[in-house]
Amino acid sequence: LKYYFRYVARLPEETVSASLVFGAAMHRAIEHHFRQLLSGAPAPSFADLFDVYQTRWHEPTGGEVRYAATESRQSLNAAAERLLKAFQTSRVAQPGGTILGVEEDLCGQIEPGAPMLRGIVDLIVETPDQLVLTDWKTSRARWSEYQVEDAAEQLLLYAELARDFAPRKPVHIELVILTKTKVAAIDRHPLPVDDRRLARTRRLVGRVWRAIQAEHFYPAPSPLTCGGCPFREPCRQWPD
Ligand code: SF4
């Protein structure tokens, strides 16, 4: 139903979760770091990264920013400072290999009959023996192995879209979770590229596409997704 409100009915979004803006701002700062490395420049300073982070907060968000009960702009800024400093000294900030792409926009046919799928890969690095695709996420708490497992499908599809970058090399995928706890944590989660699971994910894409075409939209309430959903009111009213 959220998909329907956003992409079919195109309802205006009255609120935006502060966590989403924070995630986008952190993403922008890390992207800046890797773009500098890609261009052959030295890694940017903390002040540069924090500037990029702050700039994202000044851009229009499309709705009123809604903070969780325990959050404020100041507390998020403090978390960003801790995370960016931890990131700069972590091994993930200096990938071993050649950076081939940062926020690389890929597109391809994943499943016959479904539209082309577009994926934006945060970081693509080539090492002597593999192609490494990394996706960055920010989170309030450290991810469990089940959360990591559930997020694997997105990266499996990216792996499929990115094969042409190094056709003779195996693709390695990994998630890096930046956790904005009091002690910043940067956790790297390598994921297996499993052909059986990829085939299942492709079929899932086909099924989701057929459900969209059949207008098979319904609420799927969950404490994880409804809290930050900008369509809570239209959802309550649905199907009026
Ligand atoms: S409030 Fe929950 S169930 Fe309703 S559209 Fe949003 S995410 Fe879906």
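Counting starts at 1 for both ligands and their atoms, in listed order.
- For ligand 1 and Ala220, the ligand atoms under 4.0 Å from any heavy atom of the residue are 3 (S).
- With a heavy-atom cut-off of 4.0 Å, Ser222 does not touch ligand 1 at all.
- Taking a cut-off of under 4.0 Å to the non-hydrogen atoms of Pro221, the atoms of ligand 1 that pass are 3 (S).
- Criterion: ILVMFWY side-chain heavy atoms under 4.5 Å apart, direct or through other members. Under it, Leu1 and Val208 are part of a common hydrophobic cluster.
- From the protein, the heavy atom lying nearest to atom 4 (Fe) of ligand 1 is Cys235 SG, 2.4 Å.
- What you find for Pro190 and His172 is that their closest heavy atoms are CB-CE1, 3.8 Å.
- For ligand 1 and Lys2, the ligand atoms under 4.0 Å from any heavy atom of the residue are 5 (S).
- Between His32 and Tyr53, the ring center distance fails the sub-6.0 Å criterion.
- For the atom pair His189 NE2 and Lys137 NZ, the distance stands at 11.5 Å (nearest 0.5 Å).
- Here the shortest heavy-atom distance to atom 6 (Fe) of ligand 1, taken over Cys226, Pro230, Cys229, belongs to Cys229.
- Here the closest non-hydrogen pair linking Tyr158 and Gly119 is CE1-CA, 3.7 Å.
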